[in-house]
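Lettering follows sequence order; numbering is per chain, from 1. Values in this document were obtained by computation on a predicted structure and should not be read as measured data.
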Amino acid sequence: MAEPAKTNENFEPRIVAFLCHWCTYTGADLAGTTRQQYPPNVRVVHLMCSGAIDVVYVLKALMDGADGVLIGGCHPGDCHYQSGNFKARRRVSILNKVLEQFGIPRDRVWLRWISASEGRKFAETIREITATVKDMGPAEFKAEWDV
Amino acid sequence: MERIGVFLCWCGANIASTVDVHQVVEWLRDVNGVAHAENYMYMCSDPGQELIKKAIREKNLTNVVVASCSPRMHEKTFRKAASLEGMNPYMVEIANVREQCSWVHQGDKDAATRKAFNIIMSTISKAKANNPLETIRVPITRRALVVGGGVAGMTAALELAEAGYYTALVERDDTLGGKMRRLSRTFPYHEDASAVIAPKIEELKANDNIKLYLRSDVTEVSGYVGNFQVTIETRPTEGEDGAPEVVTEEVGGIVLATGYDLYPVAAMSEYGGGKVPDVIDGLEFEELLKESLATGAPVKRPSDGKEVESVVFIQCSGSRDPEHHKPYCSRVCCLYTNKQATLLTQQNPGAKALISYMDIRTDCKLTEEYCQGNIEEKGLVYIRGRVSRLYREGDAVRVWTADTLTGEKLEIDADLVVLAMAIEPSVGAEQISKMFRAAVDTNGFLQESHIKLRPVESSTMGVYLAGAAQYPKDITDSVSQALATASKIQSMFASDELHQDPLVALVNPEVCAACGLCVPICPYGAREVDERARFSRVNEALCQGCGACVAICPNKACMLKNDTPMQVLNQIHTFLGKEEPAQ
Ligand SMILES: Cc1cc2nc3c(=O)[nH]c(=O)nc-3n(C[C@H](O)[C@H](O)[C@H](O)COP(=O)(O)OP(=O)(O)OC[C@H]3O[C@@H](n4cnc5c(N)ncnc54)[C@H](O)[C@@H]3O)c2cc1C
Ligand code: SF4
Ligand code: SF4
Ligand code: SF4
Ligand code: FES
């Protein structure tokens with residue numbers, strides 16, 4: 001069976017990643033130290049903890065033209081500040097529900113637990129979110145704002 | 001108007017082979033606010049740092065951005081260099097163009113070059129809004145408090161006192177020693193537990209730096225790291241009347257060593273709920289052994305004083321049973337059960353020792369050899385399986401079990417049954433947790449601040465954890481952890497004041513509605529609503545800069561210093577390439 005033609009072949013998605021200092025930011029550094037390769041579509045905003053993620057930051061990224069947003073925190077139980085990652089999880093799940101009502105599919109905003117030792121997982125996650133978002137095409141939000 | 005200096009590092013070929021460093025500098029020279037841009041082979045080297053200092057001096061820079069390796073590598077180096085030239089170190093920011101750019105996009109020089117520029121621009125947008133900050137200095141009261149006078153608390157207190165620090169030791173019983181006082185011999189060398197602990201008790205009493213509070217409870221705690229106020233109430237000795245004596249101690253560091261209690265036999269309905277005579281817990285059996293060892297007489301059972309000829313030991317009683325009891329392993333019961341069975345065969349020659357077990361766990365030093373040796377030499381019989389029922393049958397306790405290795409059903413009559421009851425946090429651990437703001441885990445044990453990297457620190461700065469209060473432990477591990485807490489406190493006491501990163505939360509009192517949402521969300525109790533002034537304050541000595549309060553504040557009244565929501569939004573904006581960064 002023939003593959004359906006990809007319509008988003010030439011589209012380069014823009015992804016903003018909010019990474020907590022103690023785990024995922026350090027994991028992203030490790031991805032570099034171990035020379036994992038991933039697409040250059042991602043830009044990193046450093047946060048002390050994933051629990052500092054404000055819905056406004058995610059919305060701002062989407063409105064400014066991001067096609068995908070990644071929030072990276074420590075695994076459950078490993079947050080440097082005890083439970084910031086659970087706070088992030090609650091907030092992101094509410095946000096995703098709200099976004100869905102505005103027609104923005106769930107797959108644009110990702111929350112992932114990536115530890116300081118998971119450089120490979122960080123690189124894989126970036127490859128995965130870039131590919132997924134590329135398939136989805138430009139963000140609905142942005143499209144609306146551009147007209 | 002800012003005058004920003006940007007210094008792009010080649011890191012030898014690490015950055016320069018993937019990022020076109022000359023192109024980036026050329027682009028930077030056109031950027032508004034950039035007063036100086038250059039690249040160099042190794043920015044972190046002495047000549048590299050010299051370039052930064054020279055530019056600060058000659059071009060009167062207000063901010064420095066170093067585009068190099070991760071800030072986790074050299075942020076301190078560059079901040080120090082800038083401060084030597086009189087620039088406030090917090091005006092220096094690092095753009096991570098190695099770990100998060102050149103190393104991960106090695107095949108794509110064009111994209112990596114543009115991304116590096118973009119990362120630098122975003123870092124500039126952040127740096128521009130930075131304010132000079134000063135290290136927070138907190139004075140330290142060089143006195144310590146230890147709660148719990150078991151082997152862990154005693155060890156910590158003695159260590160601190162010997163280092164010359166006044167140490168208050170609060171014990172709620174009227175004697176020191178904790179559970180060790182009830183033990184017979186200790187595995188693996190069968191040392192007399194009382195003989196091990198007694199000299200320590202004497203040493204402690206004789207030490208002038210120790211203030212001993214027996215029959216005492218902590219009733220109130222306030223303050224923060226380096227500066228706690230702890231109220232202690234001492235009950236009058238038994239038989240005497242009079243009001244409790246109340247004292248307040250000012251201390252800088254605290255050790256919680258409140259130990260454990262055994263999960264009660266009464267909670268084990270499957271084992272008769274404590275109503276079947278001659279079914280006792282491990283500590284009660286230790287006392288029987290202790291007496292036998294002291295007098296030379298054989299071990300006798302409690303109900304009628306009969307010399308015991310057969311004992312069934314049931315391991316994992318209440319442990320490793322998430323559905324009905326405790327989910328965790330109590331760690332020491334495999335070991336002490338083996339010890340108890342061995343001592344029994346020594347005190348009551350010919351007596352039979354049968355041990356019901358699920359697994360035999362020997363994770364303490366020398367204990368594998370110890371347990372195996374005893375099994376072979378003393379003929380201890382281990383039966384794998386859970387006991388399903390036990391009840392009184394005539395003169396004996398009848399035990400129903402099945403050997404899961406052979407599939408055989410067994411009915412055993414014993415003179416005595418010893419339950420290796422689960423170890424649980426000591427009675428009152430909950431109040432201790434609340435008073436000291438030291439979090440507990442799902443099982444109620446005091447929780448370490450990081451299970452791998454900060455295993456002796458509680459969730460509150462300046463409060464440390466030792467012994468079985470944190471998790472079931474043998475004596476060796478309790479002592480090691482106690483020594484670790486003492487050295488943590490000593491290293492704090494080694495300086496006059498605590499120096500803290502000033503990257504903490506800040507409140508704009510004009511905007512704050514005193515709604516109080518930031519109070520419970522703060523993991524460190526650093527927020528308090530000032531009811532009179534009607535706004536929420538930040539205790540800078542307690543704040544760890546996590547940003548949870550910033551995210552929760554509905555009025556955007558709080559922010560992290562030099563990482564304000566506006567700075568984050570500007571970074572996002574710059575990343576997404578809008579010409580004019582938001583103001
Ligand atoms: C049956 C049995 C046999 C054992 N045999 C061995 C052995 O052979 N070898 C070995 O290494 N380990 C053995 N252990 C383990 C050993 O008992 C522990 O490792 C050790 O007692 C832990 O010491 P701790 O100081 O942490 O706690 P504890 O000994 O429980 O001491 C805690 C102290 O804190 C006091 N306290 C509690 N709460 C408060 C409060 N709120 N305010 C003031 N004071 C408070 C208590 O009164 C107590 O004095 C055995 C354990 C059991 C159950
Ligand atoms: S130490 Fe042994 S007896 Fe105790 S809970 Fe763990 S496995 Fe069971
Ligand atoms: S959440 Fe915000 S508005 Fe409410 S008390 Fe705290 S700082 Fe003030
Ligand atoms: S930043 Fe974190 S630690 Fe500091 S006051 Fe806010 S919630 Fe508490
Ligand atoms: S510090 Fe990583 S999620 Fe909180």
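One finds the CD1 atom of B:Ile451 at 8.5 Å from the CG atom of A:Asp78 (value rounded to the nearest 0.5 Å). Atoms OG and OH, on B:Ser459 and A:Tyr81 in that order, are 14.5 Å from each other to the nearest 0.5 Å. We find the NE2-NE2 distance between A:His80 and B:His450 to be 8.5 Å, quoted to the nearest 0.5 Å. The CZ atom of A:Arg14 lies 5.0 Å from the CG atom of B:Leu576; values are rounded to the nearest 0.5 Å. In this structure, OG1 in A:Thr34 is found 9.5 Å from CH2 in B:Trp103, a value given to the nearest 0.5 Å.
Put simply, of B:Pro523, B:Cys546, B:Ala551, the one with the most heavy-atom pairs under 4.5 Å next to chain A is B:Cys546. For the options A:Met48, A:His21, A:Gln37, A:His46, heavy-atom pairs under 4.5 Å to chain B are most numerous at A:Gln37. Counting heavy-atom pairs closer than 4.5 Å to chain A, the top-ranked of the candidates B:Ala548, B:Pro565, B:Ala112 is B:Pro565. Of the listed residues (A:Leu47, A:Leu30, A:Thr26), the one with the most heavy-atom contacts under 4.5 Å to chain B is A:Thr26. Ranked by heavy-atom pairs under 4.5 Å with chain A, the first of B:Gln571, B:Gln100, B:Glu99, B:Arg98 is B:Gln100. Taking A:Pro40, A:Cys49, A:Gly51 one by one and counting their heavy-atom pairs under 4.5 Å with chain B, the maximum is reached by A:Pro40. Counting heavy-atom pairs closer than 4.5 Å to chain A, the top-ranked of the candidates B:Ala111, B:Ser70, B:Gly545, B:Gly107 is B:Ser70.
More than 12 non-hydrogen atoms from other residues, nucleotides or ligands lie less than 6.0 angstrom from CD of A:Glu100.
For a residue to count as touching a neighbouring chain, one of its non-hydrogen atoms must lie under 4.5 Å from one of that chain's; by this rule A:Val16 touches chain B with the side chain only. Neither the backbone nor the side chain of A:Phe122 comes within contact range of chain B; no heavy atom of the residue lies under 4.5 Å from a heavy atom of that chain. Only the backbone of A:Gln36 comes within contact range of chain B, with at least one heavy atom under 4.5 Å from a heavy atom of that chain. Using a 4.5 Å cut-off between heavy atoms, A:Val42 touches chain B through backbone and side chain atoms alike. No part of A:Ile126 comes within reach of chain B, as not one of its non-hydrogen atoms sits under 4.5 angstrom from that chain. Residue contact with chain A, scored on non-hydrogen atoms closer than 4.5 Å, involves the side chain of B:Asn14 exclusively.
The closest side-chain heavy-atom distance from B:Ile572 to A:Val45 is below 4.5 Å. A 4.5 Å side-chain heavy-atom check between A:Val44 and B:Phe575 finds every atom pair outside the cut-off.
Taking 4.0 Å as the cut-off between side-chain N and carboxylate O, B:Lys556 and A:Asp54 count as a salt-bridged pair.
In this structure, B:His105 contributes its side chain and A:Tyr38 its backbone to a donor-acceptor pair below 3.5 Å. Formation of a donor-acceptor pair under 3.5 Å by the A:Lys87 side chain with backbone atoms of B:Ile521 is found in this model. Side-chain N or O atoms of B:Gln106 include none that pairs as donor or acceptor with a backbone N or O of A:Arg35 at under 3.5 Å.
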Apply side-chain contact (heavy atoms from CB on, under 4.5 Å) to residues B:Val568 and A:Val56 and explain how you reach the verdict. CA-CA 10 Å; B:Val568 174; A:Val56 172; over 6 Å; no

